[in-house]
Amino acid sequence: MNLQRTTPVFLSNSAPLSHFDDPSPERPGAGSDGDASLLDAYSQAVTSAVERISPSVVNIEVHQNAGRTRSGQPREHRGGGSGFVFTPDGLILTNSHVIHEAARIAVTLSDGRRMPASLIGDDPASDLAIIRVDEPHFDEPGLIAATLGDSQRLRVGQIVIAIGAPYGFQSTVTAGVVSALGRSLRSYSGRLIDDVVQTDASLNPGNSGGPLVDSSGRVVGVNTATILPAQGICFAIGINTAKFVVSRLLRDGRLRRSYIGVSAQTVPLHRRVVRFYDLPKETGALVLSVEDNSPAKRAGLREGDVIVALEGQPVAGVDDLHRLLTEVRVGVSSTLTVVRWTEKLELKIVPEEAK
């Protein structure tokens, strides 16, 4: 009798047996139904973003001149990629390598309409280009512009969706997360593209130039490259970089950059030289050759000089030099700091606009 009285008291200080033996399937995270609800939320985020951006994504077909056949007929190479409409009047953003040296460009919209397009501006150094479709007829539906986001607000681990129209297959979608931010990627022109977004949302062949969007369907990047041996490491140019490039391409048709006329490579500096002159970097840009009648030649720069600063900004190598030679340096006298043997010199140089 006493045991029967004390048993309820013991159980009252513990969780009921049913709490452990019979988990409620309606509790979030309990059992397979909880996992399904989480999967549904992820799926809804992806599908919602795709529905918003898909009408703006286009397939781009490019025809390039490839000489002539033996009979004298013109020969063409065909290629292509993806892009997206970012203004209602038909401006499309894509990669430079997609449309570079194109003789003819054709665009296929998400609703199947196909129309010719023309090049507005091309910047190989950032791998971005703008094309414009011919104005649609007044009785045709208008173009739907994508909403541009802010790549500065991206966070590592955030869901992103890459979408393109490779080979005419509309709305090819891959999803993943932001793997890293602030990466640098070398463009086809040899310059570094800064603030590149790294993602594991794989890029299918032909997806180059398509948008990378967040879960709200806002464009946060322009898909540009993938590293196949690295098993799916993909890169997109941040949309903030693209906004800057677009503004310059629309204003000037190209981006103005300065040059000084040297061929260089990154080399380490002798430790004694670094300590003696208290240099902020342990490497510099070694001048391999100097072009005739160039700003560098007129400034007295010689082969074997190591550039360590431009206008007080440290130069740790060729990429730093490229980064500093912007349009603001064109025609402006600047101080170039070099190490010649063991002597530190300051040369006055006036960079010119790169052709």
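Just so it is clear, the values below take in all heavy atoms, side chains as well, and ignore hydrogens, waters and symmetry mates.
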(message) Would you say that more than 12 heavy atoms from the other residues, nucleotides or ligands in this model lie under 6.0 Å from the CD of E282, or not?
(response) no
(request) Would you kindly say whether K344 and T337 are connected by a side-chain donor-acceptor distance under 3.5 Å? (result) no
(message) Please check: side-chain N/O of S258 versus main-chain N/O of T326, any donor-acceptor pairing under 3.5 Å?
(response) yes
(message) Less than 3.5 Å apart, any donor N or O on the side chain of D127 or T224 sitting next to an acceptor on the other?
(response) yes
(message) Checking D252 against R248 for the salt bridge (Lys or Arg N to Asp or Glu O under 4.0 Å) test, could you report, in this order, the C-alpha distance in whole Å, the side-chain angles of both residues, the deciding distance, and whether it holds?
(response) CA-CA 6 Å; D252 304 323; R248 295 298 190 271; 5.5 Å; no
(request) Taking Y277 for its side chain and V339 for its backbone only, find out whether a donor-acceptor pair lies under 3.5 Å. (result) no
(request) Please check if atom CZ in R251 has more than 12 non-hydrogen atoms from other residues, nucleotides or ligands closer than 6.0 Å. (result) yes
(request) Using atom types as modelled and distance alone, determine if a side-chain donor or acceptor of T199 lies under 3.5 Å from a backbone N or O of V177. (result) yes
(message) Whether the side chain of N95 engages the backbone of V98 through a donor-acceptor N/O pair (distance < 3.5 Å, no angle test) should be reported.
(response) no
(message) Taking atom CZ as the centre, does R302 end up with more than 12 heavy-atom neighbours from other residues, nucleotides or ligands that are less than 6.0 angstrom away?
(response) no
(request) Look at the side chain of Q198 and the backbone N and O of S179, then say whether any donor-acceptor pair between them is shorter than 3.5 Å. (result) no
(message) Using modelled atom types and a 3.5 Å cut-off, is there a donor and acceptor pairing between side-chain atoms of E51 and backbone atoms of S48?
(response) no
(request) Could you tell me whether the side chain of N59 and the main chain of L109 form a donor-acceptor pair under 3.5 Å? (result) no
(request) Run through V222, N223, V219 and flag the one making a side chain to side chain contact (heavy atoms under 4.5 Å, CB included) with L212. (result) N223
